[in-house]
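The structure under discussion appears below in the form of structure tokens.
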Amino acid sequence: MSQPSTFFITTAIDYPNSRPHIGTAFEKIGADVQARFRRMEGADTYFLMGNDENTIKVSKRARELGVEPQPYVDDMASQFKEVWRALDISFDDFIQTSEPRHHAGCQRFIQAVFDAGDIDKRPYKGLYCEGCEEFKTAKEAVSPDGRELKTIEEAEAAGACCPNHPKTPLRIVEEENYFFKLSSFQDRLLAHYEAHPEFIQPESRRNEVVNLVKAGLQDVSISRKGFSWGIKVPFDEEQTIYVWFDALLNYITALGYGSADDAKFRRYWPADVHVIGKDITRFHCALWPAMLMSAGLPLPKSVFAHGFVYRKDEGSGVLQKMSKSIGNIVEPMDLVRRFNSEAFRYYFMSQCPFGGDGEFSFERFAETYNTGLANSLGNLYSRTITMPVKYFGGVLEGSSAIDPTAWRAGLDLPALVEELRSLVGSFQYAGALQTIWLQVIDAANRYIEATRPFALIKTDPAATKIALVNLAEALRVVSILIKPFLPRTAETFYAAFNFADAQPFDRVCFADAASRPPGPDLRVTAALVDGKVAPLFPKIDLKAEPSS
RNA sequence: UGCGGCGUGGAGCAGCGGUUAGCUCGCCAGGCUCAUAACCUGGAGGUCGCAGGUUCGAUUCCUGCCGCCGCAACCA
């Protein structure tokens with residue numbers, strides 16, 4: 001037997017200056033579905049997440065709260081992980097960029113780039129706010145006459161200030177910083193995009209980046225002077241590595257790059273896919289590969305930029321970006337507590353195309369839940385289990401000899417499974433789920449109407465049994481196909497009958513959906529109350545909800 | 001201003017050169033009762049933003065216009 005292939009998948013690391021919202025969760029769920037799918041496919045999968053802690057904002061936020069940065073970020077990291085676990089995000093590692101392993105790897109890396117001659121020191125010119133003691137961009141500057149400012153020169157001339165210190169005009173200050181010679185990588189980057197069309201996904205993002213790089217790249221400042229929080233530049237103790245150069249490196253420092261124990265790095269790098277938000281595409285598709293080229297490391301195989309989730313206001317119907325100032329942020333735990341993690345995952349994966357933008361409203365959430373989960377999926381589960389219990393005491397003797405393919409007559413299941421593998425493997429989750437619901441779940445519901453086992457039992461118990469065995473098989477198939485998306489529901493489905501006697505649930509792969517493995521006769525193993533299962537997804541009635 | 005995206009029945013989305021433009025929800029009418037008043041069948045509802053062009057043929061390709069929305073270097 002050959003070595004299983006590896007699959008290394010990462011998400012963007014988050015700033016821990018506030019708790020994650022549902023948009024952040026969207027990314028993690030999308031990555032998690034992929035990780036779970038690849039594990040099912042037999043790949044040795046490694047799923048990395050983390051927090052981006054070496055930022056000025058984080059240290060300032062900690063100071064506001066009167067705590068040291070380290071305990072602050074540690075506390076935030078545990079809060080983040082708690083949310084991710086509640087959503088069943090199956091990460092294998094969670095890196096905090098304040099950890100020693102990250103610091104060490106970063107220093108090793110920046111040294112390598114320095115030694116390669118791609119870093120030099122030169123003056124950095126920026127808008128400095130004496131109140132904040134930090135540089136601002138022209139965009140952040142507020143002009144006294146309310147004008148939009150495009151350049152830092154314009155901002156200084158207008159006497160603009162930062163929003164926090166309206167009485168202290170911003171001035172252009174120069175300081176010596178280290179710069180990464182990004183501009184010299186333009187040709188190599190373009191050649192790489194050309195040779196690897198799959199490097200940036202989806203297609204629309206790829207075009208964006210190609211245009212951007214064609215337009216020309218500027219060298220980027222990668223260090224700052226005079227900060228105590230962060231990673232020191234190894235060849236200049238007075239300087240601290242600045243945000244992106246540090247953040248991107250988490251993908252390799254988490255694997256032990258530059259440390260004595262770099263077995264994981266050797267095994268999993270290069271990454272198969274970095275899952276990120278569309279806003280940071282350029283850093284992952286231009287800066288990051290250039291950094292790796294400079295250090296002589298292989299480039300990630302692909303970057304997938306997902307869309308954003310916008311908040312649709314129930315009253316006005318207005319679609320807005322979620323933000324603290326508007327006060328329209330929805331926290332994942334709200335939804336998990338009020339409903340459950342499966343409903344959360346289902347909503348985002350089925351309603352928001354991963355590569356594009358999606359929207360969220362409680363109204364749509366309830367609608368999606370009620371129709372997709374309660375009526376369609378949950379109800380199928382109930383009726384599939386009740387009948388064998390009612391008519392055969394839960395034991396379907398002789399079922400192993402029955403061919404369970406009648407329920408899917410007219411459906412080419414093997415072809416469908418192949419199609420689904422392709423859809424899920426390419427992040428087309430909404431399409432995959434719609435296909436499962438339309439082709440498989442609806443087929444099972446229709447099969448009940450066609451065979452009418454509840455009537456058939458009065459005249460032909462043998463035929464009834466055949467119908468019920470078919471239904472059980474449909475449940476098994478559904479269980480396998482939804483496993484990456486709804487892991488808990490999938491497991492509940494699989495445990496409803498003694499399917500595990502034929503094949504343990506954790507060994508099931510997508511291809512197994514198309515053919516039933518030989519096994520003993522079927523019997524119902526679900527927990528029953530008065531001969532019935534409790535509804536898996538009780539209907540949501542928003543009007544009856546106390547708040548929202 | 002530059003770059004990019006979007007505009008398909010009441011709502012949300014597919015489709016993207018070629019038989020009667022699909023799907024989910026909603027609506028209307030039947031059927032059924034195993035099931036979470038669930039499920040199944042049928043129906044009404046669209047000149048595929050507007051105007052040109054390419055083509056034997058365009059919702060699908062090109063151009064222009066209108067409307068909405070992103071991005072423009074550190075915002076998931």
Side-chain angles (χ1 to χ4, degrees), chain A residues 11-15 20-28 30 52 55 57 135 137-140 150 182 204-205 207-209 211-212 214-215 217-218 220-222 242-245 247-248 275-283 286-287 305-310 312 317 319-323 350-353 356-359 361 363-364 367-368 370-391 428 430-431 433-435 437-438 442 444-457 464 467-468 471 532-540:
Chain A
T11 63
I13 51 176
D14 299 301
Y15 291 133
H21 57 66
I22 55 176
T24 325
F26 178 53
E27 169 177 305
K28 313 310 175 194
D52 185 5
T55 70
K57 273 186 188 163
F135 286 100
T137 61
K139 199 169 133 193
E140 286 175 293
K150 296 216 173 71
L182 179 61
S204 56
R205 300 286 156 227
N207 297 336
E208 250 177 59
V209 173
N211 287 335
L212 183 95
K214 272 186 182 158
L217 294 165
Q218 286 174 28
V220 288
S221 158
I222 57 163
Y242 196 53
V243 285
W244 278 105
F245 206 85
L248 288 160
V275 177
I276 58 161
K278 64 180 183 181
D279 54 331
I280 53 176
T281 314
R282 58 183 53 193
F283 304 109
L287 176 58
H306 68 254
F308 283 167
V309 174
Y310 294 90
K312 187 172 189 175
L319 213 57
Q320 281 176 315
K321 201 164 178 171
M322 276 184 285
S323 80
S350 70
Q351 302 302 302
C352 308
D357 294 334
E359 60 174 60
S361 72
E363 233 164 65
R364 265 195 73 183
E367 179 189 304
T368 303
N370 285 338
T371 60
L373 295 179
N375 295 352
S376 196
L377 187 67
N379 187 44
L380 174 66
Y381 172 76
S382 298
R383 53 203 314 219
T384 300
I385 291 170
T386 306
M387 287 191 277
V389 170
K390 212 165 185 170
Y391 308 144
Q428 297 183 69
L433 286 171
Q434 191 180 51
T435 301
W437 256 249
L438 246 42
D442 289 356
N445 273 323
R446 258 182 264 122
Y447 179 74
I448 299 178
E449 299 305 320
T451 54
R452 301 174 49 78
F454 42 85
L456 200 58
I457 187 63
T464 306
L468 297 185
L471 263 183
K532 298 170 72 165
V533 288
L536 271 184
F537 298 103
K539 284 268 190 94
I540 293 176

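In what follows, chains carry the letters A, B, and so on, assigned in the order in which the sequence lines appear, proteins first and then strands, with residues in each chain numbered from 1. The shown structure was predicted, so the numbers you read here are calculated from the model rather than taken from an experiment.
Within the 4.0 angstrom heavy-atom criterion, only backbone atoms of the sugar-phosphate kind lie near Asn375(A); the bases stay farther away. In this structure, Phe537(A) reaches the bases: a heavy-atom distance under 4.0 Å links it to at least one base atom across the strands shown.
Each of Ser382(A) and Gly307(A) lies near RNA chain B, and the nucleotide nearest Ser382(A) is the one positioned closer to the 5' end.
Of the candidates rG12(B), rU36(B), rA76(B), rU36(B) carries the atom nearest the Lys539(A) side chain, counting heavy atoms from C-beta on. Checking rC74(B), rC40(B), rA14(B) against every side-chain atom of Trp244(A), the shortest atom distance belongs to rC74(B). Comparing rC74(B), rA76(B), rG12(B) by their nearest atom to the side chain of Tyr242(A) picks out rC74(B). When the nucleotides rA76(B), rG12(B), rC71(B) are ranked by their closest atom to the side chain of Glu27(A), rA76(B) comes out on top.
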Under 3.5 Å, N/O pairs linking protein and nucleotides 21-23 of chain B:
unit_1, atom_1, unit_2, atom_2, d
rC23(B), O2', Gln434(A), NE2, 2.7

Which atom pairs link the protein and nucleotides 2-9 of chain B when you take only N or O atoms and keep those under 3.5 Å?
none

Heteroatom pairs (N/O) under 3.5 angstrom, protein to nucleotides 25-28 of chain B:
unit_1, atom_1, unit_2, atom_2, d
rC25(B), O2', Glu367(A), OE1, 3.4
rC25(B), O2', Glu367(A), OE2, 3.2

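Remark: Phe26(A) engages His306(A), Phe354(A) in a ring-ring contact (aromatic ring centres under 6.0 Å, His included) (not counting sequence neighbours).
Rounded to whole Å, atom P of rC71(B) lies 13 Å from atom CZ of Phe283(A).
A heavy atom lying under 4.0 Å from RNA chain B marks the following residues of residues 448-455 of chain A, by number: Ile448(A), Glu449(A), Arg452(A), Phe454(A).
Comparing rG30(B) with rA44(B), their C1' atoms are spaced 15 Å from each other, to the whole Å.
Secondary-structure stems of RNA chain B, taken as three or more successive Watson-Crick or G-U wobble pairs (i with j, i+1 with j-1) under a 3.5 Å distance threshold, comprise B:1-7 with B:66-72, B:10-13 with B:22-25, B:27-31 with B:39-43, B:49-53 with B:61-65.
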